[in-house]
Amino acid sequence: MNHWLFKSEPDSFSIDDLGKLAKQTATWDGVRNYQARNMLRDSIKKGDLAFFYHSSCAMPGIAGIVSIVRGGYPDPTAFDRKHHYFDPDSRQEAPSWFAVDVKLVSKFGRLITLDELRAHAAKKLQDFVLLRRGNRLSVMPVAKKDWEFILTLE
DNA sequence: GCCAACGTTGGC
DNA sequence: GCCAACGTTGGC
């Protein structure tokens, strides 16, 4: 089982929005970056766990945990002509973009803020992709040791 | 294949 | 709203 971090802008889709959905399950779609696409398509499997990260907001940080309940499959929004994420280059027989389904596992009692994660960067989270300068990946791997350390912060 | 221009991300 | 950093595009 592998660990991941998924970014979402809480103004569009927060961890509480996920919690309100039927079965607390949602399709993680709209990822339009090749590196992230490759992970969704090839590496993120049913049963994996991911941090739900709130980005582009007043208080960025990790809000909770989701599990992958369906592994990579062609992103339906890429085929939907009326959708904001429509991509005419993505074909049913050769999809350009991939999605997974996630289900809420837990919302943390408090947000583990980006500031707080940074404070540990020197000693514990040296390789954490999120903390790398200029990082823009919306889906990224989290090493098991980093995952477990972050859980102790909650 | 290079690289300048442009668009997007995301913290502040 | 600003801007640094990065990915993508397209002319050559």
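The sequence lines fix the lettering, A, B, ..., with proteins before strands; numbering per chain opens at 1.
- Scored by the salt bridge (Lys or Arg N to Asp or Glu O under 4.0 Å) test, A:R110 finds A:E116 as partners (sequence neighbours excluded).
- Two end axes, each from the C1' atoms of five base pairs, can be drawn for the helix from B:dG1-C:dC12 to B:dC12-C:dG1; they diverge by 10°, to 10 degrees.
- Through ILVMFWY side-chain contacts below 4.5 Å, A:F86 is grouped with nothing and stands alone.
- Among pairs with a residue in residues 56-75 of chain A, those fulfilling salt bridge (Lys or Arg N to Asp or Glu O under 4.0 Å) read A:R32-A:D75, at least two apart in sequence or across chains.
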Under 3.5 Å, which donor-acceptor pairs link side chains of residues 37-44 of chain A to any protein atom two or more places apart or in another chain?
from  : atom 1 : to    : atom 2 : distance (Å)
A:R37 : NH1    : A:S96 : O      : 2.8
A:N38 : OD1    : A:R41 : NH2    : 3.3
A:N38 : ND2    : A:Y34 : O      : 3.4

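- For the side chain to side chain donor-acceptor pair (under 3.5 Å) condition, no pair includes a residue of residues 117-127 of chain A, sequence neighbours left out.
- Taking Ile, Leu, Val, Met, Phe, Trp and Tyr as members and joining any whose side-chain heavy atoms lie under 4.5 Å apart, directly or through other members, A:Y85 forms no hydrophobic cluster with any other residue.
- Boundaries of the chain A contact region on DNA chain B are B:dG7 to B:dC12, first to last in 5' to 3' order (nucleotide atom under 4.0 Å from a heavy atom).
- Here salt bridge (Lys or Arg N to Asp or Glu O under 4.0 Å) pairs that include residues 15-27 of chain A, with residues two or more places apart or in two chains, are A:D16-A:K107.
- Among the heavy atoms of the strands, none lies under 4.0 Å from A:R132.
- When all heavy atoms are compared, the tightest approach of A:F98 to A:P95 is CE1-O, 3.8 Å.
- Residue pairs meeting the side chain to side chain donor-acceptor pair (under 3.5 Å) criterion with at least one partner in residues 44-53 of chain A, sequence neighbours excluded, are A:W4-A:D48.
- Applying the salt bridge (Lys or Arg N to Asp or Glu O under 4.0 Å) test to residues at least two apart or on different chains, the pairs with a partner in residues 145-154 of chain A are A:K144-A:E148.
- A heavy-atom distance below 4.0 Å to DNA chain B is reached by these residues of residues 54-62 of chain A, ordered by number: A:S55, A:S56, A:P60.
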